[in-house]
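Take this structure first; my questions come after.
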Amino acid sequence: MSNRIAVVPGSFDPPTLGHLDVIRRAAGLYDEVHVLVVHNPGKEAMLPIAQRVSLLEQSIREDGFPAEHVTVASWSVGLLVDYATEVGAGVLVKGIRSQVDVAYETPMAIVNRHLAGVETVFLLPDPSHALVSSSLVRQVASLGGDVSPYVPPVVSRFLDTGGRGI
Ligand code: PNS
């Protein structure tokens, strides 16, 4: 298990500019970064997991930051820490926008450390992304609003076409 290998997990339904910011920062800190789309049983999904993986891959490519060491995968069986153990990652990276996120993430971080000794590192995205969340984007998109200020261009184009491709 290496502290140079990190997993950036999340629902990414859909990926937002805040997610991309955290992934970019993690890519600058770790030798190997696994962006992991995980099914969250507590949330009703908008996009299929394979679609989220594809949008993340395209968003990272389109953004253009150095990402040879960044891969995108999905995990729907078992615990998040099982994936981390499988790829030898000692670190989980999460973005923190506010105290609300700290309260939501803290129990998960403690449980993940108890389960497998995996540490969680919290990164602060740029404050311009502080109010952006996937659930807000889902709501605006479902009611026909413009989500382009909140999501990577490829995601905006995808949602604009009603999810029929880009
Ligand atoms: O983007 P989200 O929805 O806040 O991400 C939450 C997620 C998917 C990372 C979390 O629900 C999770 O880790 N799910 C995997 C199941 C698991 O390992 N649970 C035990 C530790 S919390």
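Just follow the structure's listing: the first ligand is 1, and inside any ligand the first atom is 1.
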| request: Give the residue and atom name of whichever protein heavy atom lies nearest to atom 16 (C) of ligand 1, and the separation in Å to one decimal. | output: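 Of every protein heavy atom, Leu80 N, 4.2 Å lies nearest to atom 16 (C) of ligand 1.
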| said: For a quick test of reading the model, state the closest non-hydrogen atom pair linking His129 to Leu17 and the distance between them. | reply: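 That would be CE1-CB, 3.5 Å.
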| message | For atom 20 (C) of ligand 1, what's the nearest protein heavy-atom neighbour? Residue, atom name and distance, please. | response |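 Ranking protein heavy atoms by distance from atom 20 (C) of ligand 1, first comes Leu79 CD2, 3.8 Å.
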| query | Tell me the side chain to side chain donor-acceptor pair (under 3.5 Å) pairs involving residues 80-99, sequence neighbours left out? | reply |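 Those involving residues 80-99 are His34-Tyr83, Lys94-Glu105, Arg97-Asp101.
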| request: Kindly confirm or rule out an N or O of Glu105 lying under 3.5 angstrom from an N or O of ligand 1. | output: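 In this structure, Glu105 places no N or O atom under 3.5 Å from an N or O of ligand 1.
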| query | How far is atom 22 (S) of ligand 1 from its nearest protein heavy atom, and which residue and atom name does that atom have? | reply |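 Sorting protein heavy atoms by distance from atom 22 (S) of ligand 1 puts Met108 CG, 3.4 Å first.
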| Protein contact to atom 4 (O) of ligand 1 [nearest heavy atom, distance to 0.1 Å] |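 Here the nearest protein heavy atom works out to Tyr104 OH, 2.9 Å.
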| request: Give the minimum heavy-atom separation between Leu47 and Pro14, together with the two atoms involved. | output: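 Taking Leu47 first and Pro14 second, the nearest heavy atoms are CD1-CB, 3.9 Å.
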| field | Contacting atoms of ligand 1, where contact means under 4.0 angstrom from a heavy atom of Val38 | value |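 Selected atoms, number and element: 8 (C), 14 (N), 15 (C).
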| request: If a pair satisfies salt bridge (Lys or Arg N to Asp or Glu O under 4.0 Å) and one of its residues is in residues 114-137, list it, with sequence neighbours excluded. | output: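 Passing the test, one end in residues 114-137: Arg113-Glu119.
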| Which atoms from ligand 1 have a heavy atom of Ser11 less than 4.0 Å away? |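 Counting from 1, the qualifying ligand atoms are 1 (O), 2 (P), 3 (O), 5 (O).
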| At the 4.0 Å heavy-atom cut-off, does Trp75 count as touching ligand 1? |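 Judged by the 4.0 Å heavy-atom criterion, Trp75 does not count as contacting ligand 1.
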| field | From the candidates Lys94, Lys43, His19, His39, the one that places a heavy atom nearest atom 9 (C) of ligand 1 | value |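 It is Lys94 that holds the nearest heavy atom.
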| Numbering as shown, the atoms of ligand 1 that approach Asn112 to under 4.0 Å (heavy-atom distance) |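 By the 4.0 Å cutoff, the relevant atoms are 21 (C).
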| task | Check Leu80, Val8, Val121 against Leu92 for a side-chain contact (heavy atoms from CB on, under 4.5 Å) and give me the one that passes. | result |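 Only one option passes, and that is Leu80.
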